[in-house]
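Below is one structure; the comments refer to it alone.
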Amino acid sequence: MSAPKYWREIPQRYRFEAAKCKKCGKVSFPPRIVCPECRSREFENTRINDKGTVETYTVIRVAPTQFTDEAPYPVAIVDVGDGVRVLCQVADCGPEEIKIGMSVRLEFRKVQQEGHGGIINYGYKCVPE
Amino acid sequence: MSAPKYWREIPQRYRFEAAKCKKCGKVSFPPRIVCPECRSREFENTRINDKGTVETYTVIRVAPTQFTDEAPYPVAIVDVGDGVRVLCQVADCGPEEIKIGMSVRLEFRKVQQEGHGGIINYGYKCVPE
Amino acid sequence: MRDVAVIGVGMNKWGELWETSLRDLIAQSALMALDDAGIEEVEAMYIGCMSSGLFTDQEHLGSMGPDYSGICPVPGTRVESACASGGAAFRSAYMHVASGMADIVMAAGVEKMTDVDGGGATFALATAADQEYEVYNGVTFPGLYAMMANHHMKKYGTTRDQLAQVSVKNHYNGAKNSLAQFRMEVSLDQVKNAVMVSDPLTLLDCSPITDGSAAVILCSMDKAKSLTKKRLVKVIGSGHASDTIQLAQREDLSSLKSTAIAAKQALDMAGRKINDINFAEVHDCFSIAEIMVIEALGIAAQGKGGPATADGTTAMTGKFPVNVSGGLKSKGHPVGATGVAQIVELTKQIRGEADKDRQLKKADIGLAQNMGGSGASSVVHILEGM
Amino acid sequence: MRDVAVIGVGMNKWGELWETSLRDLIAQSALMALDDAGIEEVEAMYIGCMSSGLFTDQEHLGSMGPDYSGICPVPGTRVESACASGGAAFRSAYMHVASGMADIVMAAGVEKMTDVDGGGATFALATAADQEYEVYNGVTFPGLYAMMANHHMKKYGTTRDQLAQVSVKNHYNGAKNSLAQFRMEVSLDQVKNAVMVSDPLTLLDCSPITDGSAAVILCSMDKAKSLTKKRLVKVIGSGHASDTIQLAQREDLSSLKSTAIAAKQALDMAGRKINDINFAEVHDCFSIAEIMVIEALGIAAQGKGGPATADGTTAMTGKFPVNVSGGLKSKGHPVGATGVAQIVELTKQIRGEADKDRQLKKADIGLAQNMGGSGASSVVHILEGM
Ligand SMILES: [Zn+2]
Ligand SMILES: [Zn+2]
């Protein structure tokens, strides 16, 4: 991942920053410059909840190159409330343990590493509550 | 350069193989499956001449990553007769020596290397006659 | 808008075509389509291709396509909408002719996928999803569809066997397709016991990596009548819609809204209902995709795509045959070519020119549905024999 | 074909926009164009983009564009023709409306080029040329145009000063453009003495690496009249042609055949001669390109593009102003956005809304020429104020 791209996304990846529409209240994560619900362009900063529920999941067994060492690993779409869902890896959870409806908590973790000894990229993962 | 791509192009790059239209005689290099002149699809194998004339040139001073070590180097479009022109590097020729109209000969040379100690790719370059 | 007909189709044999370059792939199908139409030239060319940049370091097929197809200086335009690139290219070519700007236009599609290794292909395909919020987190394309599958199974009781039945049916059909990449039948057990790619999807729930191309010639109806003696195949409906690029942001993870909208547009334009259609080619990139697509099209009720597959509704001999060609699963899935190949299949079926063992008896109106990403775009066309 | 007008235009300030993502770049210009047209929605969106795959690992802008512009589920289609992607997207949008399939369609263009380093950008841009027979042999994009320059200089006596004069003129104009990346004038000596990139072209003969976007709204003429009070800008001509992807295979290395053909198509369609046109925005990716383009368009005779530049014919105050916006050279060249930004400039000039210091007095009919690769595709449009 290129440096400008990585730094640009720090507010979302590290601080869970989202944009709440001032007109209709819809929360956009990642932030947007126009509300997909009402087309307003006025937002206030907010954060997404760090607790949620697994709405669906899978276990990645054939992984992209930079994740090969970690496979198999579960990935989930987590509903964190306020109409926001996020897709993330599930940490501290075996492939057989994950279930739809499970309660999880978002945490700040290492997400990927570019090659052996390469740059480490961080972000959020969820862990069982 | 990927392996399948490289092996596929060996006939052209190593042996100067071209396709001569059986209908109108137009020589296509690289070979084509339809003649751009008369739309015939019947060809016979032929080889392009290895002697030609520089029709135009430049000296590459800001080079792509895999050629950085060689810059500056001249590149030319060479007219080899039979209506065929090829673009190639000019070897054994300083940046100041190359001229439009210069006689050159195509030779089989190392063209690029992928990284330090990486795979060496071969092909044709021209040298002053 | 002027009436437009498909008057020529071409498609090479798909597979791992190591000896065929990207440029020759395009030219092969283009020449076959010209021959089939009995013409030598077109006025414009569209080329559906998802990622020649990442697969072969080559963009600008709008120049390379006409050049190596022997029709330079005809204008070429590459159209990309991930795995729906072919359908989008066909739609652009259709509007080009419908507008009156030209009488005869080619829509081609191509993908050269085996010049990179498996990791490279996985990477290139993943660029159809949201790179920064999906791919970054380690999800793959099979992974996104697997999450839809688990959601659908939980919500509607869709079973593992019903998923597998999609692959069984499509391989049964594809085994009879002379141009298919994998001409073999597979059993329910083989599908279920194949290597797990992303739970619950195994390797045999997933479409393969394929090199291939396809091309069709569109022509204004007036001119078509004087050019060809073959049965005229008229484009009677066209629809196209998008959805959020991220799966997580969709209203419902168990339905394909973009496909439902695109289908409604195409059916409304054609003045038909789904039950007026005789057969369909749909985007079965994964087994779950076909189940969700037939629901979005209305071939099965929402949540009933699994049973409709298991009970034979969508079989070659069923009430509504789906993917008689073998679909992406057996025929192969060179992503940019897939949507154009669906039009090739529709045309051949309507003309009565499909491979003998899989020619439908009743094939006057067909529907093609081509999808990009995890359903973030969908293109639907309806063709009718005159 | 129905008459079509441009009723809204938008373009963000171009440059190295490290803080702006690809998705936000698209949305910024899309929203500006909607605001300018005074509407909230369109029926379809086209997005010209050369290589989001290689620049940002993201394809499928046909989904991401509408999604992040707040107009999902409107269908989006990405159009690629190398550096002519924007012009090709505009042409597709034009035909979409002209066909009657929709009344209001957006054509956007974008390129996010600074997420990769210089080597990565050089690599991505080179995919517009023939990867296997040009790039493989070590030639760069500036290198291809440099070979055209040397050929043109030898054949026609074009001088180093005449080449440099293109950059001097365009920077003079661009310094007055509030959205340009490089708002500074340069002298003849500065151009000639800048770092040599590829003989005879220096850094100041070359357009820069730029992040940027642009968007325009097209509308059927009937509907346009009721929607906007601004001067209506009608699309009166459209042309598009290709040439061999390899420079070496062209008939003549000193002329741009695809541009000549596309221009003839557009002029014929408009029923005009080149001298009926008041001003032009052309593809000056390199100084030599503008000289060859004005020859292909007939603004200067073949071989006389250099003298026509040096004698002020194409200056802002000349007989035929070319690139009053500053051109790609000074305004910047986010490749996929460039062709759409040319339409933005034409529209603003025709409406009398250009930056004060560079608004032309006579700007009723303008021409835009957008080129891909080393001239392997070219798109020409002519717009006229009503
Ligand atoms: Zn809102
Ligand atoms: Zn011939």
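In the text below, chain A, chain B and the rest are named by the order of the sequence lines, each starting its count at 1. Worth knowing before you read on, the calculation uses all heavy atoms, side chains too, and leaves out hydrogens, waters and symmetry mates.
Most heavy-atom pairs under 4.5 Å with chain D, from the set A124(C), S377(C), G239(C), A98(C): that is S377(C). Residue with the most contacts toward chain D among M50(C), R23(C), K257(C): R23(C) (heavy-atom pairs, distance under 4.5 Å). Note: D130(C) leads I71(C), D130(C), T77(C), I261(C) in heavy-atom pairs under 4.5 Å with chain D.
Here H283(D) pairs with H333(D) under the ring pair (Phe, Tyr, Trp, His ring centres under 6.0 Å) rule; sequence neighbours left out.
In this structure, the separation between OG on S242(D) and CE on M45(C) is 9.5 Å, given to the nearest 0.5 Å. To the nearest 0.5 Å, the span separating OH on Y94(C) from NE2 on H96(D) amounts to 10.5 Å.
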Pairs under 3.5 angstrom only: tabulate donor-acceptor contacts from the side chains of residues 81-92 of chain D to other protein residues two or more places apart or in another chain.
residue	atom	partner	partner atom	Å
S85(D)	OG	S81(D)	N	2.9
S85(D)	OG	A82(D)	N	3.4
S85(D)	OG	A82(D)	O	2.4
R91(D)	NH1	S238(D)	OG	2.9
S92(D)	OG	A88(D)	O	3.3

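Of the atoms belonging to V79(D), heavy atoms from both backbone and side chain fall under 4.5 Å from chain C. A262(D) does not touch chain C: none of its heavy atoms, backbone or side chain, sits under 4.5 Å away. Using a 4.5 Å cut-off between heavy atoms, A126(C) does not touch chain D at all. Proximity to chain D is limited to the side chain of Q249(C), based on heavy atoms less than 4.5 angstrom apart. Proximity to chain D is absent for every atom of S52(C), based on heavy atoms less than 4.5 angstrom apart.
Between Q58(D) and I245(C) the shortest heavy-atom distance is NE2-CD1, 3.6 Å. Among all heavy-atom pairs drawn from D57(C) and Q131(D), the shortest one is O-NE2, 2.7 Å. Between L54(C) and G53(D), the shortest heavy-atom contact is CD2-O, 3.8 Å.
At a threshold of 4.5 Å between non-hydrogen side-chain atoms, the residues P73(C) and S258(D) do not count as touching.
For a heavy-atom cut-off of 4.5 Å, chain C lies close to S99(D), G100(D), M101(D) in residues 99-110 of chain D. Close approach to chain D, defined as a heavy atom under 4.5 Å from one of its heavy atoms, is seen in L61(C), G62(C), S63(C), M64(C), P66(C), D67(C), Y68(C) of residues 61-68 of chain C, taken by number.
A distance-only check finds a donor-acceptor pair linking the side chain of E80(D) to the backbone of H60(C) [under 3.5 Å]. Here the side chain of E59(C) pairs no donor or acceptor atom with the backbone of S51(D) at under 3.5 angstrom.
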